Amino acid sequence: MTDNELTQRADTQAWPLPSFYFKVSISNVGDISCSEVSGLETEYEEITYRAGDTPVFTKLKMPGLRKSGDLTIKRGISKDDKALRNWVNQVKQNIIQRETVTVSLLDESGNPVQTWEAVNAWPKKLTREKIKADENAYSFETLVIAHEGVYVK
(Lines give C-alpha, C1' and ligand atoms only; values in the text may rest on other atoms or scores of the structure.)
Protein backbone atom coordinates (compact mmCIF):
# COMPACT_ATOMS: atom_id res chain seq x y z
CA MET A 1 0.00 0.00 0.00
CA THR A 2 1.14 3.49 -0.73
CA ASP A 3 1.34 6.21 1.90
CA ASN A 4 -1.71 7.90 0.39
CA GLU A 5 -3.76 4.67 0.58
CA LEU A 6 -2.70 4.14 4.19
CA THR A 7 -3.70 7.70 5.07
CA GLN A 8 -7.10 7.31 3.39
CA ARG A 9 -7.65 3.96 5.13
CA ALA A 10 -6.71 5.44 8.53
CA ASP A 11 -9.02 8.40 7.93
CA THR A 12 -12.02 6.16 7.17
CA GLN A 13 -11.37 3.97 10.21
CA ALA A 14 -11.28 7.05 12.47
CA TRP A 15 -14.82 8.12 11.59
CA PRO A 16 -17.61 6.87 13.84
CA LEU A 17 -20.13 4.53 12.27
CA PRO A 18 -23.57 5.88 11.43
CA SER A 19 -26.27 4.75 13.84
CA PHE A 20 -28.97 4.17 11.21
CA TYR A 21 -27.61 0.83 9.93
CA PHE A 22 -28.35 -1.81 12.56
CA LYS A 23 -30.00 -5.18 13.01
CA VAL A 24 -32.12 -6.55 15.86
CA SER A 25 -32.51 -10.30 16.45
CA ILE A 26 -34.39 -12.17 19.15
CA SER A 27 -33.40 -15.78 19.76
CA ASN A 28 -36.19 -18.24 18.86
CA VAL A 29 -38.16 -15.33 17.34
CA GLY A 30 -35.90 -14.13 14.53
CA ASP A 31 -34.83 -10.81 13.06
CA ILE A 32 -37.22 -7.92 13.52
CA SER A 33 -37.37 -4.72 11.52
CA CYS A 34 -37.41 -1.58 13.61
CA SER A 35 -36.64 2.11 13.29
CA GLU A 36 -35.28 2.85 16.75
CA VAL A 37 -33.64 1.06 19.70
CA SER A 38 -32.87 2.61 23.07
CA GLY A 39 -31.95 1.41 26.55
CA LEU A 40 -28.71 -0.41 25.75
CA GLU A 41 -27.33 0.22 29.20
CA THR A 42 -26.16 -1.52 32.31
CA GLU A 43 -25.36 0.24 35.55
CA TYR A 44 -23.75 -0.90 38.78
CA GLU A 45 -24.88 0.31 42.16
CA GLU A 46 -22.22 2.05 44.17
CA ILE A 47 -21.20 0.69 47.56
CA THR A 48 -19.29 3.02 49.84
CA TYR A 49 -17.25 1.58 52.65
CA ARG A 50 -14.84 2.88 55.25
CA ALA A 51 -12.95 0.62 57.60
CA GLY A 52 -12.65 1.98 61.10
CA ASP A 53 -8.88 1.60 61.22
CA THR A 54 -8.07 3.17 57.85
CA PRO A 55 -5.67 6.12 58.06
CA VAL A 56 -7.27 7.81 55.03
CA PHE A 57 -10.21 10.02 55.91
CA THR A 58 -12.42 8.97 52.98
CA LYS A 59 -14.74 6.19 51.90
CA LEU A 60 -13.87 3.58 49.32
CA LYS A 61 -16.21 3.18 46.34
CA MET A 62 -16.82 -0.33 45.05
CA PRO A 63 -19.19 -1.77 42.44
CA GLY A 64 -22.30 -3.43 43.80
CA LEU A 65 -25.21 -5.20 42.17
CA ARG A 66 -25.85 -4.71 38.47
CA LYS A 67 -29.11 -3.07 37.48
CA SER A 68 -30.53 -2.78 34.01
CA GLY A 69 -33.08 -0.49 32.46
CA ASP A 70 -35.55 -1.59 29.83
CA LEU A 71 -34.84 -2.00 26.14
CA THR A 72 -37.25 0.02 23.97
CA ILE A 73 -37.83 -0.84 20.33
CA LYS A 74 -39.93 1.31 17.99
CA ARG A 75 -41.09 -0.52 14.91
CA GLY A 76 -43.55 -0.42 12.07
CA ILE A 77 -46.44 -2.87 12.24
CA SER A 78 -46.44 -5.39 9.40
CA LYS A 79 -48.51 -8.45 8.47
CA ASP A 80 -45.81 -11.08 8.94
CA ASP A 81 -44.93 -10.65 12.62
CA LYS A 82 -46.37 -13.94 13.88
CA ALA A 83 -43.26 -15.10 15.76
CA LEU A 84 -42.96 -11.77 17.57
CA ARG A 85 -46.70 -11.66 18.32
CA ASN A 86 -46.56 -15.20 19.74
CA TRP A 87 -43.65 -14.22 22.00
CA VAL A 88 -45.55 -11.19 23.29
CA ASN A 89 -48.82 -13.12 23.71
CA GLN A 90 -47.20 -15.84 25.80
CA VAL A 91 -46.83 -13.37 28.67
CA LYS A 92 -50.65 -13.14 28.82
CA GLN A 93 -50.75 -16.89 29.40
CA ASN A 94 -48.19 -16.58 32.22
CA ILE A 95 -45.57 -18.34 30.12
CA ILE A 96 -42.47 -16.20 30.16
CA GLN A 97 -40.16 -17.25 27.36
CA ARG A 98 -36.86 -15.51 28.12
CA GLU A 99 -34.75 -14.82 25.07
CA THR A 100 -31.55 -13.02 24.09
CA VAL A 101 -32.04 -9.78 22.19
CA THR A 102 -29.06 -8.94 19.99
CA VAL A 103 -28.56 -5.46 18.54
CA SER A 104 -25.76 -5.21 15.98
CA LEU A 105 -24.31 -2.01 14.56
CA LEU A 106 -23.37 -2.78 10.95
CA ASP A 107 -20.68 -1.45 8.64
CA GLU A 108 -21.26 -0.47 5.01
CA SER A 109 -20.96 -4.14 3.96
CA GLY A 110 -23.63 -5.28 6.44
CA ASN A 111 -21.14 -6.96 8.80
CA PRO A 112 -21.57 -6.45 12.57
CA VAL A 113 -18.96 -4.10 14.00
CA GLN A 114 -20.30 -3.91 17.54
CA THR A 115 -22.95 -6.08 19.15
CA TRP A 116 -24.98 -5.70 22.33
CA GLU A 117 -26.80 -8.65 23.90
CA ALA A 118 -29.63 -8.21 26.38
CA VAL A 119 -29.96 -11.52 28.23
CA ASN A 120 -33.02 -13.18 29.80
CA ALA A 121 -35.27 -10.73 27.99
CA TRP A 122 -39.05 -10.85 27.91
CA PRO A 123 -41.69 -8.47 26.52
CA LYS A 124 -42.94 -6.13 29.21
CA LYS A 125 -45.13 -3.62 27.38
CA LEU A 126 -46.54 -3.16 23.90
CA THR A 127 -47.92 0.25 22.93
CA ARG A 128 -49.52 0.97 19.60
CA GLU A 129 -49.27 4.56 18.52
CA LYS A 130 -52.43 6.45 17.65
CA ILE A 131 -54.41 5.42 14.63
CA LYS A 132 -56.10 8.27 12.76
CA ALA A 133 -58.44 7.94 9.81
CA ASP A 134 -57.45 11.30 8.28
CA GLU A 135 -53.68 10.75 8.41
CA ASN A 136 -51.51 9.20 5.72
CA ALA A 137 -48.79 7.63 7.88
CA TYR A 138 -47.34 4.27 8.78
CA SER A 139 -48.59 2.40 11.82
CA PHE A 140 -45.96 2.13 14.56
CA GLU A 141 -45.74 0.35 17.89
CA THR A 142 -43.31 0.49 20.78
CA LEU A 143 -42.13 -2.72 22.45
CA VAL A 144 -40.56 -2.45 25.90
CA ILE A 145 -38.42 -5.43 26.85
CA ALA A 146 -37.25 -6.23 30.38
CA HIS A 147 -33.87 -7.92 30.67
CA GLU A 148 -31.18 -8.81 33.17
CA GLY A 149 -28.18 -7.09 31.64
CA VAL A 150 -26.60 -5.82 28.44
CA TYR A 151 -23.24 -7.18 27.41
CA VAL A 152 -21.07 -5.65 24.69
CA LYS A 153 -19.58 -8.29 22.39
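The structure presented is a predicted model; accordingly, all values stated were derived computationally and were not measured.
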Distance (rounded to the nearest 0.5 Å) between Asp31 CG and Leu84 CG: 11.5 Å

Could you pull out the closest heavy-atom pair between Val152 and Gln114, with the gap in Å? CG1-NE2, 3.1 Å

Nearest heavy-atom approach of Thr48 to Glu46 is CG2-OE2, 3.5 Å

Working to the nearest 0.5 angstrom, can you tell me the gap between Ser38 OG and Leu71 CG? 7.0 Å

Linked, directly or transitively: Trp116 and Val37 (ILVMFWY side chains, under 4.5 Å): yes

For Ile77 and Arg128, what are the C-alpha separation, side-chain angles and deciding distance, and is it a side chain to side chain contact (heavy atoms under 4.5 Å, CB included)? CA-CA 9 Å; Ile77 299 173; Arg128 286 168 191 81; 4.2 Å; yes

Using side-chain heavy atoms (C-beta onward) and a distance below 4.5 Å, is Arg75 in contact with Val24? no

Among the clusters formed by ILVMFWY side chains lying less than 4.5 Å apart, do Leu40 and Val101 turn up in the same one? yes

Asp134, CG atom: more than 12 neighbouring heavy atoms under 6.0 Å: yes

Hydrophobic clustering (ILVMFWY, side-chain heavy atoms < 4.5 Å, transitive) - are Val103 and Leu105 grouped together? yes

Would you mind reporting whether Tyr151 and Thr42 have side-chain heavy atoms less than 4.5 Å apart? no

Say whether, by atom type as modelled, one donor and one acceptor occur between the side chain of Thr115 and the main chain of Lys153 under 3.5 angstrom. no

So, do Ile32 and Trp87 sit near enough that their side-chain heavy atoms are less than 4.5 Å apart? no

Smallest separation among heavy atoms of Gly64 and Ile47, with atom names: CA-CD1, 3.5 Å

Kindly indicate whether the side chain of Gln97, heavy atoms from C-beta on, has any atom under 4.5 Å from the side chain of Ile26. no

So which atom in Phe22 and which in Glu36 form the shortest heavy-atom distance, rounded to 0.1 Å? CZ-N, 4.1 Å

Nearest-0.5 Å distance, CD of residue Glu129 to CD of residue Glu141: 9.5 Å

Once rounded to the nearest 0.5 Å, what's the spacing between atom CG of Leu106 and atom OH of Tyr21? 5.5 Å

Electrostatic pair Asp70:Lys125 at N-O distance under 4.0 angstrom: no

Taking atom CD1 of Ile96 and atom CD of Gln90, what is their separation to the nearest 0.5 Å? 10.5 Å

Here the gap from His147 atom NE2 to Thr100 atom OG1, rounded to the nearest 0.5 Å, amounts to 11.5 Å

Smallest heavy-atom separation, Pro123 atom then Leu143 atom, equals CB-CD1, 4.1 Å

Does Asp81 use its side chain to pair, donor to acceptor, with the backbone of Arg85 at less than 3.5 Å? no

Nearest heavy-atom contact between Ala146 and Lys124 is N-CB, 4.0 Å

